[in-house]
Protein chains: 2
Amino acid sequence: MITLTERQSLILKAIVRDYTEGGNPVGSKSLVQELPMKVSSATIRNEMARLEDLGLIVKTHLSSGRIPSIKGYRYYVDHILKPEKVDSKDLKVIQHSLGGEFHKIDEIVAQSADILSQLTSYTTFTLRPELKDSRLSGFRLVPLGNHQVMAILVTNNGDVENQTFTIPNDLTGDELEPVVRFIDDQLIGLPLQDVLAKLQHEIPFQLAHYLQDPDGFLDIFGSVLSKAASERFYVGGKLNMFNYTTKSDPKEMQSLYSLLDQTDNLASVIGSPGQHIQVRIGNEITNDLLKDYSLITATYDVDQHGQGIIALLGPTAMPYSRMIGLMGAFQRELARKLLDYYRYFDE
Amino acid sequence: MITLTERQSLILKAIVRDYTEGGNPVGSKSLVQELPMKVSSATIRNEMARLEDLGLIVKTHLSSGRIPSIKGYRYYVDHILKPEKVDSKDLKVIQHSLGGEFHKIDEIVAQSADILSQLTSYTTFTLRPELKDSRLSGFRLVPLGNHQVMAILVTNNGDVENQTFTIPNDLTGDELEPVVRFIDDQLIGLPLQDVLAKLQHEIPFQLAHYLQDPDGFLDIFGSVLSKAASERFYVGGKLNMFNYTTKSDPKEMQSLYSLLDQTDNLASVIGSPGQHIQVRIGNEITNDLLKDYSLITATYDVDQHGQGIIALLGPTAMPYSRMIGLMGAFQRELARKLLDYYRYFDE
DNA sequence: TTTTAGCACTTAACTTAATGGAGTGCTAAC
DNA sequence: GTTAGCACTCCATTAAGTTAAGTGCTAAAA
């Protein structure tokens, strides 16, 4: 366990700040000017040498200034940084952007990714509150004429998922009614996960009593169901990547971009953060493509409706203090907004 | 009007081909080796000087080889190029990818953009058959419980658009019924454009007879309606841009990328191509961001269901012959697939 | 009149060399 | 423990030189 003297701590802090703001390695001479104590550059150099021995800062070459190492950022984040109180203007932006009317949870969550990316100029991810406890609360089949039927699935959280299908023969509402009744009787109230499980085994047999050819319907139902039960990350500010990437090789840019595009990868990258704000720096992220970036993740808690995730991807040299403050504020505001929203569906 | 001798034509063709394949300016010595006639490099140089006088080829600097100018590509495309017959493997890919089951026109059209981008390694755009003649053929309001209602709109083309709304008080199907009946009576069968127009004037008054507070409903109806009536380009292979862009400046990349992301811009860029395949090269495209690229556009014709658009964006140095052949094949296959699809909805 | 060989010339791209600036580590004195 | 001084290192930038590919032009050949 590393312990730094007060002065070393101040120096590390200044190096992180300078490098984060200016982007250039920081030398002893420039440090001496802005540090509160009055010592010579030689003294600073001595201290820097010690910080380097500890592995907290590194040189880019033998005679360069220093930049923070991953370990240095880590120490900074864990021991030095104090979360900045969120800027009141930023808070207004958040509140205003979340203040509007929304028709779906997913709209709110998707919009959140956009707001956050706008405020940070980085790339952001959001995941809606987890669906583990989602239960099937309604199922409709609406005949639309012309060989089309729309299947609509509603959960106890008020989520609605729908899909339109083309069927060989037109059906009337009456013909569909037994199926809907079967679902109402047997499946309503069950967790989506359980329904999904049953779909493999019991349901096909049971449905055979109601329908001659249940396969088509099973496809439909399964398709809407898995849509409703799948977890999708929303990504905000994908383009912002261009601002903070260190890569100039288009090839690497492309693979990075694909990573963000295929939202199923994101789950493994982001993982399941704990309750408080987590910062992963450089190679602490379990994905080689991201080893030069930093990832800040946090959950937000919507009481009995479970927890969602917000995350932020940026350069390792980012203003952590401001970002953590911002994430904290967003966490709270989003949770509040969703609680409001869910209030409709609670008794 | 420019006329070239046989030999000049061959030289231009070879320059276009070489440059397209190799990416380097083409010199007289390399040309002399691959041209069918046996002349010296000096002769080729003389001819090249003439082609340069005509503005068909240019030097990148005073003593470099030549590359085709915009005008040169233009001449090549107009007078020299013969569309390559589509590769049978490519055709299979197209047919197979379009062969599956689709639930919506938009799925087919979106998928088309992806197929085409995969085959070409460029960026592609598709637009569904135009909606001008789309008529409103059905409207449903499905109460989902928990303050939610889903509005569903169906057109005579079988397009389905839907949106879920949260409403202050729960309504039963019975309460919604007069509204739906009003629409059935007054608006079914009308072109969407007309309905959209009426929404501004007559409908609000008429609805007042049926509902105390028609505003909420008007919002809902208007929202679904404009969703159904809006034209959306689908974009395929946005990432492919990284392969063919000449830009290394991230800033420019970003604006280019935004252009493709905001699909409303695309309409003005792509315009309304004629019936046959159109090639626009470099500054012939009415957008400065694209002045270093080429755009191939074509309509596809689905009889009375109107025409859609397919388009392809790539470098000016692209294998036009192959691309045009490919576009032609795709045009036919997509039209066929959609005719099949629409057959369901025709009597 | 067209084609060709020959040659002087141009330019980009690459390599090498020179220079200046920012920063470091070390030593010896404070 | 701190500081001044200094030799040293490395990057970045500029300058100069070299090579390879290609051109235009001229004068002779076909």
Side-chain angles (χ1 to χ4, degrees), chain A residues 3-12 14-69 72 246 248 317, chain B residues 3-12 14-69 72 246 248 317:
Chain A
T3 324
L4 298 187
T5 66
E6 180 68 17
R7 191 165 70 188
Q8 288 166 344
S9 190
L10 279 170
I11 292 176
L12 178 56
I15 291 175
V16 168
R17 182 163 48 74
D18 279 17
Y19 183 61
T20 297
E21 286 172 9
N24 295 315
V26 186
S28 53
K29 276 184 196 152
S30 57
L31 276 177
V32 84
Q33 291 178 4
E34 52 187 289
L35 280 174
M37 57 268 190
K38 50 181 206 287
V39 288
S40 75
S41 65
T43 307
I44 303 287
R45 276 204 291 286
N46 288 336
E47 292 284 38
M48 286 169 90
R50 219 153 314 156
L51 289 175
E52 186 167 14
D53 287 343
L54 292 169
L56 299 177
I57 57 180
V58 292
K59 290 185 275 211
T60 59
H61 59 85
L62 196 61
S63 71
S64 75
R66 309 301 214 294
I67 64 174
S69 67
T246 54
S248 55
Chain B
T3 323
L4 299 186
T5 66
E6 180 69 15
R7 192 166 68 187
Q8 288 166 342
S9 190
L10 280 170
I11 291 175
L12 178 56
I15 291 175
V16 169
R17 183 163 47 76
D18 280 17
Y19 182 62
T20 296
E21 286 171 8
N24 296 314
V26 187
S28 53
K29 276 182 196 155
S30 58
L31 277 176
V32 84
Q33 289 179 5
E34 54 188 285
L35 281 174
M37 57 267 191
K38 49 180 206 290
V39 288
S40 76
S41 65
T43 308
I44 304 287
R45 274 205 290 287
N46 287 335
E47 293 284 38
M48 286 169 88
R50 218 155 315 154
L51 289 175
E52 185 166 13
D53 288 343
L54 292 169
L56 298 176
I57 56 180
V58 292
K59 291 186 275 209
T60 58
H61 58 87
L62 196 59
S63 71
S64 76
R66 308 302 214 293
I67 66 175
S69 67
T246 53
S248 55

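So you know, we letter chains A, B, ... as the sequences are listed, proteins then strands, and number each from 1.
- Closest contact between the side chain of A/A49 and the listed nucleotides D/dT23, C/dG25, C/dA22 involves C/dG25.
- One atom, CG of B/L31, and another, P of C/dT3, lie 16 Å apart when rounded to the nearest Å.
- When the nucleotides C/dT10, D/dT3, D/dC10 are ranked by their closest atom to the side chain of B/L62, C/dT10 comes out on top.
- For the OP1/OP2 pair of D/dC11 and a distance below 4.0 Å, the side-chain nitrogens and oxygens of A/S64 include no atom meeting the criterion.
- Between A/I57 atom CD1 and C/dT24 atom P the separation is 9 Å, expressed in whole Å.
- The environment of A/E6 atom CD is sparse: at most 12 non-hydrogen atoms of other residues, nucleotides or ligands sit within 6.0 angstrom.
- A/K59 has a side-chain polar atom (N or O) that falls below the 4.0 Å cut-off from OP1 or OP2 of C/dG25.
- Nearest approach of A/A14 to A/L31, heavy atoms of both residues: CB-CD2, 3.6 Å.
- The shortest distance between the side-chain N/O atoms of B/T43 and the OP1/OP2 oxygens of C/dT4 is below 4.0 Å.
- As rounded to whole Å, 17 Å separates atom C1' of D/dA21 from atom CD1 of B/I44.
- When distances are taken from the side chain of A/S63 to each of D/dT9, C/dT11, C/dT4, the shortest belongs to D/dT9.
- Note: CD (A/E47) to C1' (C/dG25) measures 15 Å, nearest angstrom.
- One finds a side-chain N or O of B/S28 lying less than 4.0 angstrom from the OP1 or OP2 phosphate oxygen of D/dT23.
- Here the P atom of nucleotide C/dG23 and the CD atom of A/E52 are 15 Å apart, to the nearest Å.
- Between A/R66 and A/T60, every side-chain heavy-atom pair lies at or beyond the 4.5 Å cut-off.
- Below the 3.5 angstrom threshold, one finds a donor paired with an acceptor across the side chain of B/R45 and the base of C/dG6.
- The nearest whole Å value for the distance from the CD1 atom in A/I67 to the P atom in D/dC11 is 14 Å.
- If B/H61 and B/V39 are placed on DNA chain C by their nearest nucleotide, the residue sitting closer to the 5' end is B/V39.
- The A/R66 side chain lies nearest to C/dT24 when the options are D/dT2, C/dT3, C/dT24.
- Atom-to-atom, CG of A/N46 to P of C/dT27 comes out at 12 Å; the value is rounded to the nearest Å.
- For the pair B/K29 NZ and C/dT4 C1', the interatomic distance rounds to 14 Å; values are reported in whole Å.
- Looking only at distances, no side-chain donor or acceptor of A/T20 sits under 3.5 Å from a matching main-chain atom of A/A317.
- In this structure, A/T60 reaches neither bases nor backbone, as no heavy-atom distance under 4.0 Å exists between it and the strands shown.
- Counting only heavy atoms from C-beta on, B/R7 has its side chain closest to C/dT3 among D/dT23, D/dA4, C/dT3.
- Here the closest non-hydrogen pair linking B/E47 and B/I11 is CB-CD1, 3.6 Å.
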